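Residue numbers begin at 1 in each chain, while the letters A, B, ... track the order of the sequences. Fair warning: this is a prediction, and the values are worked out from it, not measured in the lab.
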Protein chains: 2
Amino acid sequence: MQKHPDLTSSVHDAGGRMTRQRRVVLEALASVTSHPTAAELYDLVRQRLPGISPGTVYRNLKVLKDLGYVQELDFGADASRFDANVASHYHVRCDCCARVEDIPMQPTVGIEDAQPALTGWQITGHRVEFHGLCPECKAQQAQSHQQEGE
Amino acid sequence: MQKHPDLTSSVHDAGGRMTRQRRVVLEALASVTSHPTAAELYDLVRQRLPGISPGTVYRNLKVLKDLGYVQELDFGADASRFDANVASHYHVRCDCCARVEDIPMQPTVGIEDAQPALTGWQITGHRVEFHGLCPECKAQQAQSHQQEGE
DNA sequence: CTATGTGCAAAGATTTTGCCCATAT
DNA sequence: ATATGGGCAAAATCTTTGCACATAG
């Protein structure tokens with residue numbers, strides 16, 4: 001499921017240089033579906049490039065985002081999360097543990113019809129995020145409620 | 001358009017104490033439609049309570065949010081924005097100036113139908129945000145493009 | 001009176017940036 | 001060679017928190 005057939009030259013074409021650090025950041029992000037924070041991604045990347053610095057990860061995430069290779073998800077969490085899947089898709093976030101997952105549904109196409117209500121705005125996209133309790137947190141909460149006798 | 005007929009007693013009922021600071025924070029937020037950041041709200045509140053501290057504003061925003069009197073909008077901006085309109089509604093954010101406005105449309109009710117795709121999750125809500133260029137930034141951008149001859 | 005809130009300032013957390021060296025072209 | 005990127009550490013932001021005092025109920 002390769003979204004960008006030739007990452008190296010594509011990114012290079014866009015004006016950047018595909019350094020090893022940049023490639024590893026992108027590959028690490030593309031290799032997981034967990035929507036990691038920058039810090040989590042830093043840990044992942046360090047498994048391959050032990051000497052990389054956090055600043056480099058942040059810098060490259062910003063570059064890759066500007067080039068459209070990565071999207072940033074900062075709905076309601078302390079730290080931004082990142083996603084190498086830039087295709088239009090929606091997310092669910094757990095109110096309890098802040099985990100973010102993809103929603104296996106087609107984007108609601110008709111929603112772009114809201115545009116007429118936005119006089120004067122030039123709309124380039126929209127984001128949808130559901131939130132609630134993930135299966136794990138739901139189970140934990142059920143347990144603790146039981147203990148409380150509530 | 002008063003959403004909470006008796007703010008003081010309601011908040012008190014929920015366990016908090018309606019201090020002057022808390023009331024002014026809530027009233028200031030309710031008096032604007034600009035979805036201010038905590039810092040902007042702090043400036044607003046200081047017009048009435050010059051001695052208030054930023055920490056108090058943050059603390060009370062969190063309390064009021066937990067009590068359901070305020071919602072926090074942290075879509076893609078550096079700082080969270082706050083909204084005293086807790087009714088379900090959508091927002092537009094300007095990619096250029098970060099301004100946030102309400103969208104004058106009814107929430108897309110059918111969207112909650114995505115729930116079946118979320119096996120094991122207990123969904124409690126969803127958020128929709130459009131983004132693009134606000135009228136002002138669109139005009140500015142058109143001007144600068146003209147100057148560049150591009 | 002007593003629990004809760006406030007002011008202040010310090011600490012946390014996340015992210016950005018300046019500086020100088022490294023590296024790709 | 002030269003421009004772009006990396007490592008490091010400091011700084012910038014935004015937000016939270018500990019503590020002593022104030023205040024609502």
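- Residue pairs satisfying the salt bridge (charged side-chain N to carboxylate O under 4.0 Å, His left out) criterion with at least one member in residues 48-59 of chain A, sequence neighbours excluded, are listed as follows: Glu27(A)-Arg48(A).
- With sequence neighbours excluded, the residues that form a ring pair (Phe, Tyr, Trp, His ring centres under 6.0 Å) with His91(B) are His35(B), His89(B).
- Contact detail for Phe130(A) and Ile123(B): the closest heavy-atom pair is CD2-CG2, 3.8 Å.
- With sequence neighbours left out, Lys62(A) forms a salt bridge (charged side-chain N to carboxylate O under 4.0 Å, His left out) with no residue at all.
- Atom C1' of nucleotide dG5(D) and atom CG of Asp66(A) are separated by 15 Å, given to the nearest angstrom.
- As rounded to whole Å, 12 Å separates atom P of dT15(C) from atom CG of Asp74(B).
- When the side-chain hydrogen bond (donor to acceptor under 3.5 Å, both in side chains) test is applied to Gln122(A), no partner is found at least two apart in sequence or on another chain.
- If you measure from atom CG of Leu49(B) to atom P of dT23(D), you get 13 Å, rounded to the nearest angstrom.
- Helix bend of the helix from dC1(C)-dG25(D) to dT25(C)-dA1(D): the angle between its two end axes, each built from five pairs, comes to 30° after rounding to 10°.
- Rounded to whole Å, the distance from CZ on Arg17(B) to P on dT2(C) is 14 Å.
- Residue pairs meeting the salt bridge (charged side-chain N to carboxylate O under 4.0 Å, His left out) criterion with at least one member in residues 33-44 of chain B, sequence neighbours excluded: Glu40(B)-Arg81(B), Asp43(B)-Arg46(B).
- Considering only residues two or more places apart in sequence or on other chains, Thr37(A) meets the side-chain hydrogen bond (donor to acceptor under 3.5 Å, both in side chains) condition with none of them.
- A salt bridge (charged side-chain N to carboxylate O under 4.0 Å, His left out) check over residues 120-139 of chain B, counting only residues at least two apart or in different chains, returns the pairs Asp74(B)-Arg127(B), Arg93(B)-Glu129(B), Arg99(B)-Glu136(B).
- Distance Arg46(B) CZ to dT6(C) P: 16 Å, rounded to the nearest Å.
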Review point. Using a cut-off of 4.0 Å between protein heavy atoms and nucleotide atoms, how would you tag nucleotides 6-19 of chain D 5' to 3' with B, S and -?
Key: SBB-----SBBBB-
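- One interatomic measurement links the two molecules: CE of Met18(A) to C1' of dT25(C), which rounds to 16 Å at whole-angstrom precision.
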